[in-house]
Amino acid sequence: MSCPDYELQLVELLDGELPPAERRQVLLHLEQCAVCRALYAQLEQGASAFQSLRPQASPDSAHMISGPLLRRAARRTWSRRALALAAGIALILLGTLPLRRSLHAPPPASPPVSSPAAGPPASIRALCDDSADASVDVDCHLSRACATPDGCQASRGWLLTTEAL
Amino acid sequence: MTGAPDEVLAEAAGNGSNEAFHALFARYRNRVAQFVRWQQPGGAQAWDDVTQEIFLQVLQSLPRFEGRSSFRTWLYSLARNVCRNAQRRRGRRRREFPLEDPEARIERVADPRPDALADIETREQQERVGRAVSSLTPALKTVLLLRDWEELSYREIAEVLGIPVGTVRSRLFSARLGLAQALQAETTVEPGTMST
């Protein structure tokens with residue numbers, strides 16, 4: 001092997017990326033070749049120079065994420081918690097629906113307060129229209145899914161969900 | 001918690017620990033911000049926005065971090081994807097940065113610790129290195145960052161950047177040699193050493 005063949009291996013030697021057999025071969029060549037020793041020294045210098053610029057950790061930088069980032073994250077967390085809570089309440093109430101119906105023999109003649117076909121109420125529509133805020137995506141998915149007849153078991157469940165939101 | 005390994009912090013943050021996320025953020029913010037600056041064109045505001053977006057996605061994706069790769073490899077892969085998406089959004093296809101004021105770049109690259117500022121000799125050395133670094137292309141600076149700051153293996157760097165391992169090796173060779181030569185050139189044209 002000539003010196004140019006060793007050039008890239010010098011980088012690997014510096015980074016500890018050479019397999020043992022190749023490492024021994026390159027070290028042997030370095031003992032014999034002043035040109036490659038000088039090149040290796042340059043590579044070492046370049047590496048250590050760059051390492052000297054490595055930024056330190058910023059223990060006082062928490063304030064950097066106390067603004068938009070954490071607000072968005074907090075809203076997303078709240079949205080997910082609200083969704084979980086609303087889903088839980090809806091499941092419980094839907095589960096007790098047959099029992100309530102059996103207790104009140106004649107079903108109520110008046111129509112429900114709202115129906116899925118009527119679409120979401122104004123508060124939900126306003127949420128969904130606020131496309132600038134990504135945190136409402138989850139909320140909107142839920143309301144849209146429930147606003148379709150197939151997406152909801154009962155209009156009452158949909159109303160409960162949107163109220164909880 | 002601030003001294004815990006990345007993977008421990010990542011798991012805790014994924015389980016909802018704000019303290020763990022803050023520790024990861026403090027550990028990586030500066031380096032990721034520098035990575036962003038070398039990955040894409042734009043000004044300080046655009047870089048800050050992308051850096052924020054990266055950490056927002058980290059926060060949201062940590063519950064799905066499975067530890068199949070190191071946290072740093074995962075973090076920088078995510079950062080690179082965010083940078084690419086940001087570039088697409090802007091409709092820019094340029095790979096290289098526009099030329100900018102070298103002094104401004106040095107300000108960003110150099111360690112801002114007060115004790116470093118007090119040490120004039122260290123400061124001057126950092127400025128020399130900063131100028132030498134600014135002579136490298138973003139592609140070369142990026143592999144240096146991933147290797148010499150983050151200590152990723154060649155395979156991990158290749159994974160993050162989507163390039164062959166051989167390209168990682170050749171870029172590292174060019175970057176380090178170029179940096180050493182730029183530093184030597186700096187020394188030979190040091191103020192006061194030139195004859196008039």
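Letters go in sequence order (proteins before strands), and every chain restarts at 1. Remember, it's a predicted structure, so these values are computed and weren't measured experimentally.
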Check against side chain to side chain contact (heavy atoms under 4.5 Å, CB included), B/Arg176 and A/Leu14: CA-CA 11 Å; B/Arg176 287 173 177 156; A/Leu14 184 60; 3.7 Å; yes

Lys/Arg-Asp/Glu bridge criterion (N-O < 4.0 Å) met for B/Arg169, A/Glu7: no

Does a side-chain N-to-carboxylate-O contact under 4.0 Å join A/Arg54 and B/Asp148? no

Between B/Val129 and A/Gln51, is a side chain to side chain contact (heavy atoms under 4.5 Å, CB included) present by the stated rule, with each step listed? CA-CA 10 Å; B/Val129 177; A/Gln51 283 162 5; over 6 Å; no

Look at atom CZ of B/Arg155 and say whether more than 12 heavy atoms of other residues, nucleotides or ligands are closer to it than 6.0 Å. no

For B/Glu11, is the CD atom crowded, meaning more than 12 foreign heavy atoms sit under 6.0 Å from it? no

B/Phe173 CZ to A/Gln42 CD distance, which is reported to the nearest 0.5 Å: 8.5 Å

Spacing of B/Lys141 atom NZ and A/Leu53 atom CG [to the nearest 0.5 Å]: 11.5 Å

Shared hydrophobic cluster for A/Leu27 and A/Val11 (ILVMFWY, side-chain gaps under 4.5 Å): yes

The test is side chain to side chain contact (heavy atoms under 4.5 Å, CB included); show your working for A/Gln45 and B/Gln184 and say whether it passes. CA-CA 10 Å; A/Gln45 184 193 9; B/Gln184 284 165 359; 3.8 Å; yes

Parallel under 30°, tilted from 30 to 60°, perpendicular over 60°: which one fits the rings of A/Phe50 and B/Trp149? parallel

Among A/Leu43, A/Asp15, A/Leu10, A/Leu39, which residue forms the greatest number of heavy-atom pairs with chain B at distances under 4.5 Å? A/Asp15

What part of B/Thr51 is in contact with chain A, defined as an atom under 4.5 angstrom from a non-hydrogen atom: side chain, backbone, both or neither? neither

Taking every heavy atom of A/Ala49 against every heavy atom of B/Leu183, the minimum-distance pair comes out as CB-CD1, 3.5 Å

Any idea which heavy atoms bring A/Leu8 and B/Ser170 closest together, and the distance? CD2-CA, 3.8 Å

Relative to chain B, which segment of A/Glu17 carries a heavy atom at a distance below 4.5 Å: side chain, backbone, both, or neither? side chain

